[in-house]
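Structure record follows, encoded as structure tokens.
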Amino acid sequence: MQQDIQSSDSLQEGIVKKGSGGIRPILRTLKRNIVLVIGMAGITTIVGFPLIGEPNPPTYEGNFQLLVEPVTTEDKLADPLTFTRTDGQPNDKYFTLDYATQIRILTSPEILNSIAEQIQTRYPKFKVGTLAKNLKLERVVNSKSRNDQTKILEVSYEGEDPDQILFILQKTAEKYLKYSLDERKTRISQGVQFIDEQLPQLQKRANEERGKLQKIQQQYELLDPIAGGQVLYDQVRSLENQSKETNRQLQEFKALYQYLQTQLTFTPEEAVAASALSESPFRQQILNNLQTVETQIAIQSATYNLNSPELKQLKEQKANLLNLLQKENESILGEKLTKLQDSSSIMSFQTSIRQKLIAQLIDTDLQIKSLEVRLQGLNQALNTVAQKAQLFPGLVREYNDIQQQLDLTNKRLNIFLDEREKLRIEVAQNNIPWEVIAKPSLVSDAKGVPIGSETESPTKTMIMILGAGLGLGIGLSILLERIRNIFYTKEDLTDWVQVPLLGEIPRYENFSAPSKLKVDKKSEESRLAKSQRRSLEKMTEFLHAFDNVYANIRFLYADSLIRSIGICSAESKDGKSTIALHLAQTIANMGQRVLLVDANLRYPQLHAVLGVSNQKGLSDLLTEKATLNSVIQRTTLSENLFILTAGVPYANTFKLLGSESMQNLVETLQQTYDLVIYDTAELHQYNDAIFLSEYLDGLILVAAVHKTHKTVFRKILDQLDTYRMPCIGVIINHLQLKSSITYPFYLTQSFNPDETVALEQEVRSL
């Protein structure tokens, strides 16, 4: 059921209206506060009446126009500035004037004081303050396009004396023309002076920067940074390649040396000694002779004894040869003999192959030493060049920075020199830069008669004061309405909501019951008194209002079977409980079984109004402390109206309104009764109705005029719209202000439909 109602067009459009009520809410506000508006207008008029004085004399206006920039190309070519500032080529940017600044200068105290002194020669009492107040300058714009501004300044002046106005404009024009010439010459002279002051500093700076460049060039031999850097990096690459190649050769020779040393078992020193001994012819001869003698000794030893003269002679020859060999060895080896004579391999004879290996070993050793020396030199050179290469970028950057500064300084120096020559040409010019294109004149009509401004009449002033008072009253009325922040009429509320307006409940009172309801039309004494008749009319109107509410609910939602409704309000004391009770009674009197449930577990009221027991109720059902039949009571208002009171509230019982138990209870009650109406707690302070409405077919909002606050009501509407709650309409309630919640006499009596119809017919017949 809830889904059916939510699918209706009204709910699909939302609850809160997106548009405003237009001018109608303002008109209703003014109607309610008409006394305030008229009162403020009257007070303002009374206060402002003494301010109305005699009309002022008419004022006149005069003006003239100045052309302050060249217009055509010919004018630009004829201007000396063209040749001094643009090298003979006209350029608009050199003729653009800052008009805002120029106007401020022309209206400055210094210029105005000078003009006032000229005016005082004819009008001694004239003051500079009057000139500053009445003199106006503005840039003339094209009337067709406000953005198309001309190069013309219009100077206007207002005053009461036409002759004085013309004289003031003439003196002003003369001063402005003289100012344009003097200002140009002064500006040029100041420019020349400024250039003369800057030239020595620029020249000094240029000399300093040249000195820095020269110092760097001399210290690092740097003439061209790009070429120098290329040479430096080429040297680094060349030295790196040479170092790698030398190191490769060194490793090869070391490997060969290791191999030769393994084959010969000689050190280079021993190899040299062995080679020297083997290459001596005399030593070789001695060795041959020694070998011959040793051979003869061996032969003779077999024939003679050891003491024989022949053996002794041979041994003496051998000793002589050994001494001679020793001397030859000393002659060949020198001091090295002592270290090397113990090595038999060195002293022995070296074959030709070993001689070649010894020569190769000695040569390899020499190559290794040579390559090591070369590699060391290359590494030292590479380190030196690499350090220069690391410093070179910073050096080049410093060099380039100095060069750039020098170029900028030279450029500025040349510009200043050129400008000085140009300014000397300009200062010789005497033509006036500005031109008066419209001479000083008064604003006149077609006949040439000066036109005076109309002064404000007392009537016009009074109308303005009255209008100000009305505006103030309107503003105060709107402000007062916003401060009060309540609904005053049905229209105020309908401007805010999109859901249907289900009904408007008139203000009710505590009516007194007549002694009898029977009416005898033939007897004057049987008629009701006038006051009682008025009470019956109000009571009937009150009852009809609930008939209309039920009719709207039934026919607006004819396609949806509504079995449960929640009656809620934004704030407390908006009359929702009264409306829930009367609506339930109205529907019950139409023959439907209606159950009225007091779901306001925080502040229940219905049991006190109906005079029924509240010992057990809804809270007991939710906590499963009672059965449904034991808590539902029949009312005396109608045999079809039943009441389920709130019961004694337990701690946090209201939280069970959103529980599954409550959902099951709602479904059970919908199956038992034709309609179930729930009186809920206010929405502004509590969310009880929000949780409960999830299980109901719809919600009805109650708003009380002269009571419900707009901002609170809007907040509740937005909340319902956000939660997509099934709000089926709004009921407007006219409360009886400053009265407690009481009910008319007929709520304590049981009226059947026939009696109600008879009562209505009686009222209509009166």
Side-chain angles (χ1 to χ4, degrees), residues 1-15 497-503 505 544-569 576 579-599 606 618 621-622 628-629 632 634-635 637-644 657-680 683 688-702 720-721 723-731 753:
M1 178 58 65
Q2 176 181 343
Q3 295 176 353
D4 295 338
I5 297 177
Q6 285 183 335
S7 63
S8 63
D9 294 339
S10 62
L11 294 182
Q12 290 294 330
E13 295 176 358
I15 297 177
V497 296
Q498 191 73 26
V499 295
L501 178 62
L502 299 178
I505 307 302
H544 272 300
F546 289 97
D547 293 340
N548 294 332
V549 170
Y550 178 62
N552 288 329
I553 295 174
R554 182 172 180 178
F555 293 106
L556 284 175
Y557 300 98
D559 297 334
S560 303
L561 182 61
I562 298 178
R563 302 294 299 275
S564 58
I565 299 174
I567 308 296
C568 55
S569 63
K576 61 176 178 57
I579 291 176
L581 178 57
H582 285 78
L583 181 61
Q585 183 188 15
T586 300
I587 300 174
N589 287 335
M590 294 182 180
Q592 296 195 44
R593 287 171 52 83
V594 180
L595 175 64
L596 179 61
V597 180
D598 193 348
L606 292 178
L618 178 60
L621 291 177
L622 296 178
L628 184 62
N629 294 329
I632 294 180
R634 185 187 298 271
T635 67
L637 301 179
S638 174
E639 61 180 5
N640 292 325
L641 179 59
F642 301 86
I643 178 71
L644 174 58
L657 292 175
S659 64
E660 185 178 358
S661 299
M662 188 66 207
Q663 182 180 6
N664 296 332
L665 178 61
V666 170
E667 294 175 355
T668 301
L669 295 178
Q670 288 182 173
Q671 296 174 1
T672 306
Y673 297 92
D674 296 327
L675 181 64
V676 183
I677 298 178
Y678 294 84
D679 179 22
T680 66
L683 290 170
D688 300 359
I690 298 296
F691 293 109
L692 177 60
S693 62
E694 183 181 0
Y695 311 128
L696 305 183
D697 293 335
L699 287 178
I700 296 178
L701 274 176
V702 176
L720 294 179
D721 195 23
Y723 295 155
R724 298 186 179 276
M725 292 293 102
C727 181
I728 63 175
V730 177
I731 297 176

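Hydrogens, waters and symmetry mates are skipped; everything else that's a heavy atom, side chains included, is used.
Here the shortest heavy-atom pairing between F546 and I579 reads CE2-O, 3.6 Å. In plain terms, the two heavy atoms of T680 and A689 that are nearest each other are OG1-CB, 3.6 Å.
A donor-acceptor distance shorter than 3.5 angstrom exists from the side chain of D697 to the backbone of S564, with no hydrogens or angles considered. Looking only at distances, a side-chain donor or acceptor of Y557 sits under 3.5 Å from a matching main-chain atom of I728.
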Criterion side chain to side chain contact (heavy atoms under 4.5 Å, CB included) on V549 and T586, from CA distance to verdict
CA-CA 10 Å; V549 170; T586 300; over 6 Å; no

Let me see the working for V702 and I567 under side chain to side chain contact (heavy atoms under 4.5 Å, CB included), right down to the final yes or no.
CA-CA 7 Å; V702 176; I567 308 296; 3.8 Å; yes

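Atom CG of residue L657 and atom CG of residue L618 lie 6.5 Å apart, to the nearest 0.5 angstrom. Distance check: T635 OG1 to F642 CZ gives 8.0 Å after rounding to the nearest 0.5 Å. We find the CG-CG distance between D679 and L606 to be 5.0 Å, quoted to the nearest 0.5 Å. Note that the CG atom of L720 and the OG atom of S693 stand 7.5 Å from one another [nearest 0.5 Å]. Taking CG of L596 as the start and CD1 of I632 as the end, the distance is 11.5 Å to the nearest 0.5 Å. I643 contributes atom CD1, which lies 13.5 Å from atom CZ of R634 (distance to the nearest 0.5 angstrom).
Two residues are said to be in side-chain contact when any heavy atoms from C-beta on lie closer than 4.5 Å; L637 and L581 meet this criterion. You'll find the side chain of N589 stays beyond 4.5 Å of the side chain of N640, heavy atoms only. Contact annotation: the side chain of I565 approaches that of I553 to within less than 4.5 Å [non-hydrogen atoms, C-beta and beyond]. You'll find the side chain of L621 reaches within 4.5 Å of the side chain of L644, heavy atoms only. Within the 4.5 Å cutoff, the side chain of L701 has no heavy atoms near those of the S569 side chain.
In this structure Q592 satisfies the side chain to side chain contact (heavy atoms under 4.5 Å, CB included) test together with Y550, I587, V594, D674, sequence neighbours excluded. For Y673, there are no side chain to side chain donor-acceptor pair (under 3.5 Å) partners at least two apart in sequence or on another chain.
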